[in-house]
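As structure tokens, the structure follows; a few thoughts come after it.
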Amino acid sequence: MSALTKETSPAPAPRPVDKEPVRAGEHRGEGVVLNVFSHGFLAVWALLIVLPLLWLVLSSFKTDAQIGGSAFGWPEHWSLDVFSRAWDKGIGDYFLNTVIVLVFSVPLTMLFGSMAAYVLARYRFWGNRLLYYFFVAGAMFPVFLALVPLFFMVKRLDMLNTYQGLILVYVAYSMPFTVFFMHAFFRTLPTAVFEAAILDGASHTRTFFQVMLPMAKPGLISVGIFNTLGQWNQFILPTVLMQPQSGDDPERYVLTQGLIQLRQQQGYATDLPVLFAGVTLAMIPMLVVYLSFQKQVQAGLTSATLK
Amino acid sequence: MRKGQYRFVAGFLLVPVALYLIFVIWPYIQTFGYSLTDWKGQSQTFDFVGLDNYKALFQDDIFTDAIWHNILFLVFIPVITILLALFFAFMLNVGGRSKAGGVRGVAGSGFYKIVFFFPQVLSLAILAVLFGAVYRSDTGGMLNGFLLKLGIVDADHPVEWLNEPDFVLWALIAVVVWHGVGFYLVLFSAAMQSVPRDIYEAALIDGAGRAQSFFRITLPLLWDTVQTAWVYLGIAAMDMFILVSTMTSGEFGGGPDHHSEVMATVMMRNFLYYGKSGYACAMGVVMLLLTLILSVVMLRATRRDRIEF
């Protein structure tokens, strides 16, 4: 709650100040009208973003009857009880499952993606270009094209509804963007440092891990944020791959999947506050990460489209 | 090249290439093969049926209607999102006039950027729950409650946003735009910041107003970025699976009565619910072909001479 309201306190990033003052023009009049107009639009859009989110958080403190009755009532009891109830109803497990998967999948994505990107960017060998396009082409195709055979492939490997199955699939599907971006990044690194390391007798492997990888840190951070958010928010792959396979196979839903599951179980009648509390809990880590690394998150996500 | 180097290169490529082959490339290739069979998924036996699945597909009204819904998304989602994002980006970067008369963003633009981008970090699952509540069909929904306060909606007949055939697609478009504007705003802002400020200041001195500097300077110089945004939004409009399947009624969504069906929901229902794997594969192939055709067409149609600056 307090984390969300923080958003409304104005914290404008410092804007670069114009160095050379240019003559104030005859556009003053137009400027005033337009300023009011444009500020109006911007403020309305900001409200359209913030209000639904705050409203949802507020709703988790209400009772079912209140939620159904009127949209704009104020909660009667401010009790955090509903959050612990949501946690027990599965949100806790969903969180844990997501974290278990990401703790392995993100570092592995970064490791394998960088390794492939590095040799493709810095070594000449037969088939180099072909392999590069082979990796990058994967980003062109909708994931739906692969879903049916992917399901049976994972089934044959006996990895349906297992963490390792989802981890490997996440790593594989994050390859195209990771290779593409890190390839571009490794190409920009200076050759002199690499040659110095080799001359000093470091092996190729050692040069990669101790010299090149640390130099690529800014790129790794951008891609890492992109992959973390992408895998955290992934829904289609776990929906297909993480269904209990038999009666005694436990649920291993990830957070996105679990929220939808919870929503479908609740319908409209039973325990909506729990669902809203669950969504609030799921939003908090995103909000914290976003507000603390705002610049990097924006750069990391938009760099996917640029270039 | 020395032998050790080869061993190093091969060693580094082994795992990534293997994973990628097994889980990405091979399934992609298999889809084409399976789409020519009557495979049902449970059994390992299936027959080759040639193009029968594709023939059935184009006689399947649910699927052909779904294609039209995707096309509607394809037209409106990019246009609305890009226009709003461009307008906001322009306001936040060069819309303001400082006291001294220089060109800069309006006051508080840093704050607006933070708020507008935030939906982008939320998962679509969160959005589905959030907007499910906003669009709720009784007076407890945020939108209905709001319209009730304004006196537009009558308390006995609130609008069933997601159950009205005429509204459901637009309600979904609104969610995508709400989610995407901030992202493209930041993307366009980055591009606008690379445009030298003196171009704007020169235009200002020459007496150009805001509208003129937007259409004569900003838009032409940003064309490449707009084009990229167009392709990305177009690809998103061809997908729409998560929002449709979770927000609308029916198994894997698509309701009311298939009025919000998209290709991806039809495909997933056929695969996971009816078990028609071969048929679902054919749909996957059609989705790929349409996406590819559309990307090429969009890139072609929006081609302009690149302006160097």
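Sequence lines set the chain letters: A, B, ... in the order given, protein chains first and strands last, and positions in each chain run from 1.
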*Which atom pair, heavy atoms only, marks the closest approach of R263(A) to A128(B)?*
NH1-O, 3.0 Å

*Close side-chain approach of L122(B) and L53(A), heavy atoms under 4.5 Å*: yes

*Please flag which part of L148(B) lies under 4.5 Å from any non-hydrogen atom of chain A: side chain, backbone, both or neither.*
neither

*Does the side chain of L124(B) come within less than 4.5 Å of F235(A)'s, by heavy atoms?*
no

*Decide yes or no for L150(A) and Y28(B): does some side-chain heavy atom of the first lie under 4.5 Å from some side-chain heavy atom of the second?*
no

*Under 6.0 Å between ring centres, would you say that holds for F134(A) and Y20(B)?*
yes

*Does the side chain of H204(A) come within less than 4.5 Å of V9(B)'s, by heavy atoms?*
no

*Non-hydrogen atoms of A172(A) and V24(B) that approach each other most closely*: O-CG2, 3.7 Å

_Separation of L42(A) CG from K113(B) NZ (nearest 0.5 Å)_ = 11.5 Å

*Got more than 12 heavy atoms from elsewhere within 6.0 Å of CZ, F214(B)?*
yes

_Under the rule for side chain to side chain contact (heavy atoms under 4.5 Å, CB included), what residues qualify as partners of L51(A), not counting sequence neighbours?_
L47(A), M142(B)

*Rounded to the nearest 0.5 Å, what's the gap from CD on Q234(A) to CD1 on I242(B)? Could you check?*
7.0 Å

*With rounding to the nearest 0.5 Å, note down the distance linking NZ in K295(A) to CD1 in I114(B).*
7.0 Å

*Look only at the side chain of T31(B) and the backbone of L145(A), and say whether a donor-acceptor pair between them is shorter than 3.5 Å.*
yes

*Stepwise, does the side chain to side chain contact (heavy atoms under 4.5 Å, CB included) test hold for V129(B) with L262(A)?*
CA-CA 10 Å; V129(B) 175; L262(A) 203 60; over 6 Å; no

_Leading residue by heavy atom contact count with chain B [cutoff under 4.5 Å; candidates V279(A), L56(A), I260(A)]_ = I260(A)

*Please report the closest heavy-atom contact between L272(A) and R136(B), naming both atoms and the distance.*
CD1-NH1, 3.0 Å

*asked:* Testing the basics here: between M268(B) and V240(A), what is the closest heavy-atom pair and its distance to 0.1 Å?
replied: CE-CG2, 3.6 Å

*Evaluate side chain to side chain contact (heavy atoms under 4.5 Å, CB included) for L19(B) paired with M175(A), printing each intermediate quantity in order.*
CA-CA 9 Å; L19(B) 273 178; M175(A) 262 320 117; 5.6 Å; no

*asked:* Measuring centre to centre across the rings, with the benzene-like ring taken for any Trp, is Y290(A) within less than 6.0 Å of F118(B)?
replied: yes

*asked:* Which one wins on heavy-atom pair count under 4.5 Å against chain B: T205(A), L229(A), L259(A)?
replied: T205(A)

*Relative to chain B, which of T256(A), V119(A), V148(A) shows the most heavy atom pairs under 4.5 Å?*
V148(A)

_Do F87(B) and W45(A) make a side-chain contact, defined as non-hydrogen atoms from C-beta onward lying under 4.5 Å apart?_
no

*Considering residues, nucleotides and ligands other than F293(A), do more than 12 of their heavy atoms fall under 6.0 Å from its CZ?*
no

_Nearest non-hydrogen partners of N233(A) and S123(B), listed with the distance_ = OD1-CB, 3.0 Å

*Aromatic ring centroids of W55(A) and F146(B) under 6.0 Å?*
no

*Kindly indicate whether the side chain of I49(A), heavy atoms from C-beta on, has any atom under 4.5 Å from the side chain of V181(B).*
no

*Nearest 0.5 Å please: distance from the CG atom of L48(A) over to the CZ atom of F116(B).*
9.0 Å

*Interchain contact, F117(B) with chain A, by part (heavy-atom threshold 4.5 Å)*: both

*Kindly indicate, with the supporting measurements, whether the criterion side chain to side chain contact (heavy atoms under 4.5 Å, CB included) is fulfilled by S277(B) and F151(A).*
CA-CA 10 Å; S277(B) 304; F151(A) 173 86; over 6 Å; no

*Part of I235(B) lying under 4.5 Å from any heavy atom of chain A*: neither

*Taking the six-membered ring for Trp, are H39(A) and Y112(B) parallel (under 30°), tilted (30 to 60°) or perpendicular (over 60°)?*
tilted

*Is V121(B) close to V289(A) at the side-chain level, that is, under 4.5 Å between some pair of heavy atoms?*
no

_With a 6.0 Å cut-off on the ring centroids, do F8(B) and Y123(A) count as close?_
yes

_Between L131(A), V143(A), L168(A), V179(A), who has the most heavy-atom pairs with chain B when the cutoff is under 4.5 Å?_
L168(A)

*chain B contact via L157(A) - which portion, at a heavy-atom distance below 4.5 Å*: side chain

_Only pairs of heavy atoms separated by less than 4.5 Å count here; which of L288(B), V186(B), L13(B), V17(B) has the most with chain A?_
L288(B)

*Looking at G284(B), G145(B), G11(B), P16(B), which makes the most heavy-atom pairs under 4.5 Å with chain A?*
P16(B)

*Toward chain A, the part of M283(B) with a non-hydrogen atom under 4.5 Å*: neither

_With sequence neighbours excluded, residues passing side chain to side chain contact (heavy atoms under 4.5 Å, CB included) with A236(B)_ = none

*Do you know which two heavy atoms are closest between A133(B) and F276(A), and how far apart they sit?*
CB-CZ, 3.6 Å

*Validation row: M283(A), L130(B) side chains within 4.5 angstrom (heavy atoms)*: no

*Side chain / backbone / both / neither for I25(B) at chain A, heavy atoms under 4.5 Å*: side chain

*Engaged part of F135(A) at the chain B interface, taking heavy atoms whose separation is under 4.5 Å*: both

_Using 0.5 Å steps for rounding, measure from the CZ atom of F41(A) to the CG atom of L84(B)._
8.0 Å

*Taking it one step at a time, do V171(A) and F23(B) satisfy side chain to side chain contact (heavy atoms under 4.5 Å, CB included)?*
CA-CA 9 Å; V171(A) 173; F23(B) 291 110; over 6 Å; no

_Y118(A) portion near chain B, given a 4.5 angstrom heavy-atom threshold_ = side chain

